[in-house]
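Below is one structure; the comments refer to it alone.
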Amino acid sequence: MPGPVPIAGPLADIYPRTALATEGPRWTSLLAQFEEAYGHPASFVARSPGRVNIIGEHIDYSLYSVLPMAITADALLAVSATPVAAGAATFKIRLANVQDARFAAKELEVPVAGDVDIDATQFEWTNYFKSGLRGALELLRRKRGPGYRPLDMDVLMDGNVPVGGGLSSSAAFVTASALAVMAANGEDPVDKKELTELAIVSERAVGVNSGGMDQAASVFSEQGSALFVSFSPGLAARPVKLPPTRPELCFVIAQSFVTSNKQVTGPVHYNLRVVEVSLAAAYLNAVLNPPGTELPTDAGPLGTSLRGFHEAYFYHQSGSDYSAARSVAEEEELERLVAVTKETLTQDEGYTKEEIAIALGLSVPELEKRFLSSFPVRAERFKLRQRALHVFTEALRVLKFLTLLERPVHTGRTDTTPFNLELGSLMNETQDSCRDLYECSCPEIDHICEIARAAGAYGSRLTGAGWGGCSVHLVPADKVADVKGALEREYYASRELTAEQREGAVVVSRPAGGSAIYRVQ
Ligand code: NG1
Ligand code: MG
């Protein structure tokens, strides 16, 4: 993370020249509004970007690696901090948003020694700040001792990641908030891994049982690179440069304007999938591994993950000398897992609780307690076969995509169409799998993908949780205008959209930099 830097420098660093024209005035205006609102200047700006996931959908919480990239849209928090009077039992944070008509200002009063109060049942914009604050406070108390007295803060936010649009406005806001609190309290530099881990845990307090992709992408991304994020063993992130191609490749992001609110639909969508893949892992483990095999305990939101099953399965297959046997490429292991899943989980129509309980050697109440009590889900049957097949094939596609990026067989000087097509077809396979096996697409997104492909996209798919939200398209630079035009005519024209929505419906994004602090004075 950069040290103290003047505002003019980092802006030029994070934004491509073309975006500076719009980003420069935005930062200047944020700082001016801060001074107007609070009567003194801000001392720094904390920035965290949204993200688009290039490939690796709905596998982060099964602990398989994913490949997102940060986008230019971000959450900016202008901040000043003042020490609290000695002996005060609380500290105060004044919180405002440049869009004050939509996001009303609020003053938080937090006990110096107590917890941050978050009511997750209320959809309140400040909840995301509070969740970052809560995580940051825990970390500060761990580092400085439980008696640590945080500073008062004034905060003004400007976020331009579309809310509920699948580009992780929430992770951008939570990570920027946590970073702002850490920096205001003198933590500089902030450890990126600590920041990401606290943001993952904190965001669970306001939303769903998410994996860690969004927070990692927001914090660790580097300009010009995608980010390979792994979760097992432990969180790790590695930038992956996009190789030169001809024609040049662009990532086009297109909104569907179908909103899926996870807080509302969680029981039948996101959270249900988390349960289904955890059940699939437990089922495969019970049937295929020696009796009594315990899966690694850090394995995913519900304690079992397909990745955990994967490790245990090959550990036993190799006669307990797994690390030595690990010369088998992970790709090959995943192919074998696809085959054994097809043989083992044969019921297309899904499994009832009773059927799963019998396989696991549990009573139904025991099964409910272990897998169905952390958050509400609603389902008669759990589609273990389809969900596990999606996860294993998607994990495999990520590895294939990564291999292509890291070992391109071309120099970028010649025509690279075959290479571009290979990347695109992996993305198309992801979309098919999301639609058919994971059932997280929707007719509108399917339609958008067809339109974009017909207009010249190499690959088109949903990005993020799905059931609406956003799509991402790999498009040759010379076809971007055609793809935009086709979407406009064949999708957006027939929808009722505000001028602002229409303006932001399709954007071309380049891989942007991750979280950072920019000193003002
Ligand atoms: P969205 O809904 O796009 O922020 C969610 C999860 C990710 C990942 C994707 C699906 C949260 C905060 N994020 O992303 O961790 O599981 O779905 O790949 O819920
Ligand atoms: Mg989100």
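All ligand and atom numbering here is 1-based and tracks the order in the structure.
Remark: among candidates His58, Glu57, Arg51, the nearest residue to atom 14 (O) of ligand 1 is Arg51, based on non-hydrogen atoms.
The shortest N or O to N or O distance between Ser170 and ligand 1 is not below 3.5 Å. Taking only nitrogen or oxygen atoms, main chain and side chain alike, Asn53 does not reach within less than 3.5 Å of ligand 1. At least one N or O atom of Ala465, backbone or side chain, sits closer than 3.5 Å to an N or O atom of ligand 1. For a threshold of 3.5 Å applied to N or O pairs, the pair formed by Tyr270 and ligand 1 contains at least one separation below that value.
A salt bridge is absent between Asp117 and Arg134: the closest approach of a Lys/Arg side-chain nitrogen to an acidic carboxylate oxygen does not fall below 4.0 angstrom. A salt bridge links Lys143 with Glu194: the closest approach of a Lys/Arg side-chain nitrogen to an acidic carboxylate oxygen falls below 4.0 angstrom.
Residue-ligand proximity, Met213 to ligand 1, at heavy-atom distances under 4.0 Å covers atoms 8 (C), 9 (C), 18 (O). The Glu203 neighbourhood of ligand 1 comprises atoms 12 (C), with distances under 4.0 Å to a heavy atom of that residue. Near Tyr61, the atoms of ligand 1 lying under 4.0 angstrom from a non-hydrogen atom of the residue are 16 (O). Proximity to Gly211 (heavy-atom distance under 4.0 Å) selects the following atoms of ligand 1: 15 (O). Remark: ligand 1 atoms within the under-4.0 Å shell around heavy atoms of Ser168 are 4 (O). Under a 4.0 Å criterion applied to the non-hydrogen atoms of Asp60, ligand 1 contributes the atoms 7 (C), 8 (C), 15 (O), 16 (O). In summary, the atoms of ligand 1 found under 4.0 Å from a heavy atom of Gly464, numbered by their order in the structure, are 3 (O), 10 (C).
With values rounded to the nearest 0.5 angstrom, Asp432 atom CG is found 9.0 Å from Cys449 atom SG. Atom CZ of residue Arg336 and atom OH of residue Tyr313 lie 6.0 Å apart, to the nearest 0.5 angstrom.
Here His269 has no heavy atoms under 4.0 Å from ligand 1, in either its backbone or its side chain.
Under the 6.0 Å cut-off for aromatic ring centres, Tyr351 and Tyr283 qualify, their centroids lying closer than that. No close placement of the Trp467 and Tyr270 rings is indicated, their centers lying 6.0 Å or farther apart.
Put simply, no part of Ala171 is less than 4.0 Å from ligand 1, judged by heavy atoms.
By the neighbour-count criterion of 12 heavy atoms within 6.0 Å, atom CD of Glu349 is densely surrounded, having more than that number from other residues, nucleotides or ligands.
Qualifying ring pair (Phe, Tyr, Trp, His ring centres under 6.0 Å) partners for Phe103, counting only residues two or more places apart in sequence or in other chains: Trp125.
Cation-pi check for Arg273 over Tyr438 is met; the charged atom lies under 6.0 angstrom from the ring centroid and within 45 degrees of its normal.
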